[in-house]
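These notes are about the structure you will find just below.
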Amino acid sequence: MTTIPEDFTYLEPWEDETSDRFADELSKEISSEHILFGVQVKTLARRCDRDDFLFSLIEQPGTYAQVHLTWKHEESADWPKTLLFSSFEDWVNTSMLPDNRDY
């Protein structure tokens with residue numbers, strides 16, 4: 001299991017975000033067919049220029065989800081768009097670092 005270092009600093013355009021309101025919004029948006037339906041999450045970060053958020057899956061330690069919130073209830077299992085990561089390092093290397101280079 002991978003944990004986030006206490007002194008970790010997100011690189012732009014990602015920033016620290018721990019408000020419960022985004023996890024609440026996610027639960028409002030997903031359909032019963034969505035991969036995260038019924039999964040408890042904790043908000044960790046947000047992308048400042050988009051509606052992308054990084055969540056940790058509470059009951060699956062070491063698993064992370066990057067989700068693009070749509071701000072409306074979705075009927076399709078495809079929305080909100082979700083990418084799963086098997087470790088924090090996987091997310092950093094696959095998403096945060098490329099986003100920072102392209103920002």
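For clarity, every value in this text was computed on a predicted model and none was experimentally measured.
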Looking only at side chains, do [X] and [Y] share a donor and an acceptor under 3.5 Å apart?
X: Glu74; Y: Ser31; result: no
X: Thr43; Y: Glu17; result: no
X: His68; Y: Asp51; result: no

Return the [atom1] to [atom2] distance between [X] and [Y], rounded to the nearest 0.5 Å.
X: Gln66; Y: Asp99; atom1: CD; atom2: CG; answer: 6.5 Å
X: His73; Y: Ser27; atom1: NE2; atom2: OG; answer: 11.0 Å
X: Asp16; Y: Phe8; atom1: CG; atom2: CZ; answer: 10.0 Å
X: His34; Y: Trp79; atom1: NE2; atom2: CH2; answer: 10.0 Å
X: Thr82; Y: Asp52; atom1: OG1; atom2: CG; answer: 10.0 Å

Using a cut-off of 6.0 Å, state whether more than 12 heavy atoms not belonging to Glu15 lie near its atom CD.
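Correct, the count exceeds 12.
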Answer yes or no: are there more than 12 heavy-atom neighbours, outside Lys81 itself, under 6.0 Å from its atom NZ?
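Yes, because the 6.0 Å sphere around NZ of Lys81 holds more than 12 heavy atoms from other groups.
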Do [X] and [Y] belong to the same hydrophobic cluster, where Ile, Leu, Val, Met, Phe, Trp and Tyr are linked whenever their side-chain heavy atoms lie under 4.5 Å apart, directly or via other members?
X: Ile4; Y: Ile58; value: no
X: Val92; Y: Tyr103; value: no
X: Leu57; Y: Phe85; value: no
X: Leu11; Y: Leu44; value: yes
X: Ile35; Y: Tyr64; value: no

Going by an N to O cut-off under 4.0 Å, is there a salt bridge joining Arg47 and Asp49?
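Salt bridge flag = yes for Asp49 with Arg47.
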Heavy-atom closest contact ([X] atom, [Y] atom, distance):
X: Ser87; Y: Asp90; value: OG-N, 2.9 Å
X: Glu33; Y: Ala77; value: O-CB, 3.4 Å
X: Glu25; Y: Lys72; value: OE2-N, 4.0 Å
X: Leu26; Y: Pro80; value: CD1-CG, 3.9 Å
X: Leu84; Y: Ala65; value: CD2-CB, 3.6 Å

Side chains of [X] and [Y], heavy atoms from C-beta outward: is any pair under 4.5 Å?
X: Thr18; Y: Lys42; result: yes
X: Thr63; Y: Ser56; result: no
X: Arg46; Y: Leu54; result: no
X: Leu83; Y: Ser95; result: no

Let me know which of Phe55, Trp14, Phe53 forms a ring pair (Phe, Tyr, Trp, His ring centres under 6.0 Å) with Trp91.
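Only match with Trp91 under ring pair (Phe, Tyr, Trp, His ring centres under 6.0 Å): Trp14.
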Please confirm whether the backbone N or O of Glu89 pairs with a side-chain atom of Asn93, one donor and one acceptor, at under 3.5 Å?
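Yes; at least one donor-acceptor contact below 3.5 Å.
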